[in-house]
Amino acid sequence: MSQRDTADHDRLVGWLENPSATRGIRFKLDDGSWQRRTYQELARRSLGAGAALAALGVRPGDVVPLVVPGGEDFVTQFFGVLAIGATPSVLPLPLALRAGEGYQTQLKAVTARIHPRHVVADPRYHDIVAESVARIGGGTEVVAPQYSDRVEDAPRARSDLAVLQFTSGSRGSPRGLRISMANMATNLRMIQNWIDPVGHGAVTWLPLYHDMGLVGGLLGALTLQVEHALMRPEQFIRDTPGWLAEYGRAPYTSMCMPNFGFERVLATVRADHLDGMDFSAVTGVISGAERIDPAVIARFAGLLAPHGFAVHALMPAYGLAEGTLAVTGVGKGDVPRLARVGGLERRLGEKLEVSEVVDLGTEPVAEPWNWQVSCGPPLAPARVEILDEDGAPQPEGVLGEIFVEGPSVAEGYVDAAPEDLARLNGGRLLTGDAGFVLDGELYVVGRLGDSVKINGQSVFVEDIEMELAASGIISRRHATVVAGVVRGEPKVLIVTERPLGDRLDDALSAVTSFTGAAGRAEVLNVKRGTIPLTSSRKPRRRSLWLAYLEGRLKERKDS
């Protein structure tokens, strides 16, 4: 192994060799209490997990899926797999995908791609995992997290592959991404240089089967051995004020979550919950993974501002699993900027009408759907370009597809088809996201696959959804917007699990303000649980649209 390969491996796994006896990770338990383990304790347990896995027959180069909740077992099994030269692949938990047949179908599809010899599953999930993998044959053995006291028996080996990361599935079936040690090491350096955590990291609740949760929420801090805390998504949902209180009572410096997390805080945390708390230690609040609502993050900053929080701690970012995680981000200490994009024209390859650029404040801007949030400049050594429909680079201010190039871009997909290679190959990535660059900073407009062309312009469902939510017409927890073409006519569909009542006409009018007379609009009220979600709780818009086209999306009879 070359010196560079060794350095890349050590960036992720090296802490096992020299673990801190004073710093550690706090884990939230089922009873609501916290249990702290030092990195020295976690390293020994990780090596014990590796020894037990090796005794079961796991060999260097094997891919070992993990179906384990976020906690001590997750950390130690993940690094136990890496320590013996195998590769972990973190899979969603049944709860994340509403369990049932849908979960088994997805788990079967994932395991059929990699045919693992072993799967590590928490005992409470053993039966559903075993039943799913049995359907593909091949004799996969499902085992519970195990540990050996003879850590010296753990064979030490190095893998070129850091993790097999499955995408969340918002663009269709989950795809397996080969994230090499070099990819991971590069992205960890990018994140650590950008955020620069010192002493304390975060209280993270993001799902660890998602790139934002695994790389941004856990590995970035853990590999630096900073003081960190880990809880599960359902614990955050049950006690959001309690999660925030951890920051108000201890000097954790970072937060990392999608727009949904900020909405949850605003919905559940009152001003009196924050009495006596101090948020001045928080210097990096990363928002990404989905469209950033400028009104939401402004209100979040305004809620915490009386207690020492500074608006320049907000660090909107752009990233995706195919880039390992982070691609761009607002610099530490810089105030995020907002660009007001006038008009509704969204034609790829044409210059947008940017009427003004302002600093984000603690007061929400009016008409937030007209404003785009800067996701900052590229994080070195990543390079970002905007391409038109012919693949030609575009100047600043022009809308196009976001293209990313650099050493943190994933090696490629498992079983890559020709169209996959055209999109992701050789450190070059066509993201499928639309955006523009202004003053060297990236603004993300939406998914190209989640837009519909009307009179030659692209109408993005994220724009419509943001206006509907900002106007109080829908809740994004219970509704989403999809679009496509039906019998040659563009159509926008609002799918809601709650009746809109007397706001129905308002909803249709809002859609028409984006589409004009050329686009048809429809509202479909469906049963709760109908809207399919990805493992990261985003709507699977493509699946929803296909269900509509195929007549499988049914109106509630009591609506």
Side-chain angles (χ1 to χ4, degrees), residues 240 244 255-271 274 279 282 285-307 309-318 329-330 334-344 346 352 354-376 435-436 438 441-447 450 460-481 494 496 500 503 506-507 509-511 513-514 537-539:
T240 305
L244 190 60
M255 296 179 183
C256 180
M257 55 187 172
N259 196 78
F260 154 76
F262 298 100
E263 289 179 328
R264 181 70 185 174
V265 170
L266 293 171
T268 58
V269 176
R270 303 189 309 269
L274 307 181
F279 296 95
V282 179
V285 178
I286 300 162
S287 179
E290 61 187 25
R291 178 77 173 265
I292 302 169
D293 187 332
V296 169
I297 56 174
R299 288 170 54 212
F300 175 83
L303 176 68
L304 272 58
H307 303 276
F309 181 83
V311 69
H312 58 69
L314 296 172
M315 300 171 72
Y318 172 69
V330 171
D334 295 338
V335 177
R337 301 201 297 174
L338 308 178
R340 186 184 183 99
V341 182
L344 296 175
R346 297 288 191 272
L352 296 168
V354 179
S355 57
E356 60 180 315
V357 178
V358 301
D359 288 344
L360 176 69
T362 56
E363 292 295 327
V365 292
E367 300 179 334
W369 52 91
N370 285 334
W371 294 85
Q372 299 289 335
V373 180
S374 168
C375 292
F436 62 96
L438 200 63
E441 299 184 359
L442 178 67
Y443 293 77
V444 182
V445 174
R447 289 287 306 156
D450 294 334
F460 291 91
V461 296
E462 289 98 328
D463 286 337
I464 299 173
E465 199 170 275
M466 185 175 288
E467 176 169 359
L468 292 169
S471 302
I473 298 171
I474 67 167
S475 163
R476 277 182 285 203
R477 292 183 60 195
H478 304 287
T480 193
V481 179
I494 302 171
T496 177
L500 298 187
R503 302 302 304 274
D506 294 337
S509 177
V511 173
S513 71
F514 285 89
R537 310 297 294 174
K538 292 185 286 189

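All values below come from the heavy atoms of this structure, side chains included, with hydrogens, waters and symmetry mates left out.
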Measure the shortest side-chain to side-chain distance between [X] and [Y] over non-hydrogen atoms and say whether it is less than 4.5 angstrom.
X: His312; Y: Val330; answer: no
X: Val373; Y: Leu360; answer: no
X: Phe279; Y: Val285; answer: no
X: Asp359; Y: Arg337; answer: yes
X: Phe309; Y: Leu314; answer: yes

Closest contact, heavy atoms only, [X] versus [Y]:
X: Ile286; Y: Phe262; result: O-CZ, 4.3 Å
X: Ala271; Y: His307; result: O-NE2, 4.4 Å
X: Pro364; Y: Arg299; result: CG-CG, 3.4 Å
X: Val311; Y: Pro336; result: O-CD, 4.1 Å

Determine whether Tyr443 and Leu352 satisfy the following criterion, side-chain contact (heavy atoms from CB on, under 4.5 Å), listing intermediate values before the conclusion.
CA-CA 12 Å; Tyr443 293 77; Leu352 296 168; over 6 Å; no

Using side-chain contact (heavy atoms from CB on, under 4.5 Å), reason through Ile474 and Glu465 one step at a time and then give a plain yes or no.
CA-CA 8 Å; Ile474 67 167; Glu465 199 170 275; 4.1 Å; yes

Is the backbone N or O of Ala366 less than 3.5 Å from a side-chain atom of Trp371, with the two atoms forming a donor-acceptor pair by type?
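Yes, Trp371 side chain to Ala366 backbone: donor-acceptor pair under 3.5 Å.
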
For the atom pair [atom1] ([X]) and [atom2] ([Y]), what is the distance rounded to the nearest 0.5 Å?
X: Asp506; Y: Leu500; atom1: CG; atom2: CG; answer: 9.5 Å
X: Leu244; Y: Leu304; atom1: CG; atom2: CG; answer: 5.5 Å
X: Gln372; Y: Leu442; atom1: CD; atom2: CG; answer: 10.0 Å
X: Ser287; Y: Ile292; atom1: OG; atom2: CD1; answer: 4.0 Å

